[in-house]
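Only one structure is covered here, and it is reproduced in the block below.
Excluded from the calculations below are hydrogen atoms, water molecules and symmetry mates; all remaining heavy atoms, backbone and side chain alike, are included.
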Amino acid sequence: MVGAGVNGLSSAFHLATAGVKRVVVVEQRHVGAGATGKSGALVRTHYTNEPETRLAFESLKYFQNWGDMVGGECGFQPVGLLVFTPPAFRDHLDANVAMHRDVGANACVLTAAEAQQLDPSLELSDVTHVGYEPESGFADPNATAFSFARAAMRHGVEIQLETLVTRILTEGERVIGVETSRGTINAARVLVAAGAWANQLFQPLGIDLGLVPTLARVVIFRWSFDRVPKLLTYIDYVHHTWGRPHDGNSTLFGAEVPQDTDSPRGDPNDYVEAVSQEYIELCRGKIASRFPVMRRSTVRGNWQGILMMSPDSRPVIGPLPEYDGLYCMAGDSGTSFKTSPCIGKCLAELITEGRASTVDLTPFRASRFAEGRLWRDEFDYGLEGVTISR
């Protein structure tokens, strides 16, 4: 296992609980050092396609029952979720919420007036209907990763921190292990969940998934004195933003940009962890557009990290056909924290049983790019190449 982020650790935990006797996680820095530790950690089931919705719905069961299913704490706060969509795409909202309900999620459509009763601070003149999930919310990304790590270790998983995987070892068309800064680990199966560092391992093998390391940025705004104290989690497809409570008195907020030449690129080995003033001002304007009282808010912090964007903004989960025994969880475009419990379970099923039975991973196959079948959702609110939520 390469990478001690939430997906790698979830996979290690599930492999161990499935009975795999030797599982080794190799991490070049520390637990949650990459995108996981900087995640906004939204927990929700609102996706614009059924496969990711199913991953999220199965994962929500973990967050709701973390102590029993994993152990420890994940910091889950079910404050509820509101999803704002352009009125012109009301049919998309209705179709997606109907799909969510068919999967089993607790979801519905509210009028703008009903949504404002939940949060009177909202400015909703640009929407007519709002998606609502009362059981969704957010978690603590680091606590989640730490819990998975401790649970995996209780089941015998070895975690090697501050250990760099320098290359994946192959013989013919199969994987035989990894070479690390501390020596060689022989293994017939290798799962790469290395986040923004995945390309460095894939390129020597001649594997190109079109993954692009991209900066993900967050700003924390202190609530203004007249802000309503009850805050939900929000995804805004009108303003291309997301937000959720932080520390009981602030909002963790992000504004997204299309995946094009204007998107901020990043080098995972050399980037500044603080955002620019330009980005702070962008977020300040956008948060005040949805919450007018927040124009009087104070910036309390910010950070940026690097995630990996795939060509269609959807994750690549499963085997890599170039080498027998090579698997990956890559290119999640910043949306896989909330789905990580189920992703780990499905990868463990795939590796030990030959197929994922909890949720079919076929739509996430790596070969879709070579097939020329990039993922595009039918009811996507008119967006393409945009990642709205972390």
Original post:
Looking only at heavy atoms, which two atoms of Ala274 and Gln304 are closest? And how far apart?
Top reply: O-NE2, 3.2 Å
Original post:
Just checking, any donor-acceptor pair under 3.5 angstrom between side chains of Ser297 and Trp223?
Top reply: no
Original post:
Do you know the tightest heavy-atom contact between Cys342 and Val359?
Top reply: SG-CG2, 3.8 Å
Original post:
Looking only at heavy atoms, what is the nearest atom pair of Arg29 and Leu161, with distance?
Top reply: O-CB, 3.7 Å
**OP:** Decide, yes or no, whether a salt bridge links Asp360 with Arg54 under the criterion of side-chain N to carboxylate O below 4.0 Å.
**Re:** no
Original post:
Do you see a donor-acceptor pair shorter than 3.5 Å between the side chains of Tyr234 and Asp119?
Top reply: yes
Subject >> Carboxylate-amine/guanidinium contact Arg300 Asp247, below 4.0 Å >> reply: no
Original post:
Taking the six-membered ring of Phe221, is NZ or CZ of Arg284 closer than 6.0 Å to its centre and within 45° of its axis?
Top reply: no
Original post:
If only atom types and distance count, is the side chain of Ser336 paired as donor or acceptor with the main-chain N or O of Asp332 below 3.5 Å?
Top reply: no
Original post:
Hey, does the Lys NZ or Arg CZ of Arg295 hover above the aromatic six-ring of Phe291, less than 6.0 Å from the centre and inside 45° of the axis?
Top reply: no
Original post:
Does any donor atom in the side chain of Asn96 or Thr48 lie under 3.5 Å from an acceptor atom in the other side chain?
Top reply: no
**OP:** Please determine, by modelled atom types, if Thr163 and Arg182 share a side-chain donor-acceptor pair under 3.5 angstrom.
**Re:** yes
Subject >> Side chains of Glu73 and Ser147, donor plus acceptor under 3.5 Å >> reply: no
Original post:
Where is the tightest heavy-atom contact between Lys61 and Met69, given as atom of each residue plus distance?
Top reply: O-SD, 3.5 Å
Original post:
For Arg101, does the CZ atom have more than 12 heavy-atom neighbours from other residues, nucleotides or ligands under 6.0 Å away?
Top reply: no
Subject >> Closest contact, heavy atoms only, Ala366 versus Pro319 >> reply: CB-O, 4.3 Å
Original post:
Do Val157 and Val24 touch side chain to side chain, with heavy atoms closer than 4.5 Å?
Top reply: no
Subject >> Which atom of Trp66 lies closest to which atom of Gly72, heavy atoms considered >> reply: CD1-O, 3.6 Å
Original post:
Within a radius of less than 6.0 Å around CZ of Arg365, do more than 12 heavy atoms belonging to other residues, nucleotides or ligands occur?
Top reply: yes
Original post:
Side chains of Thr184 and Glu179: do they bring a donor and an acceptor to under 3.5 Å?
Top reply: no
Original post:
Does the side chain of Ile280 come within less than 4.5 Å of Gln277's, by heavy atoms?
Top reply: yes
**OP:** For the residue pair Trp197 and Asn199, confirm or rule out a side-chain donor-acceptor distance under 3.5 Å.
**Re:** no
Original post:
Is it true that the side chains of Thr180 and Gln160 contain a donor and an acceptor less than 3.5 Å apart?
Top reply: no
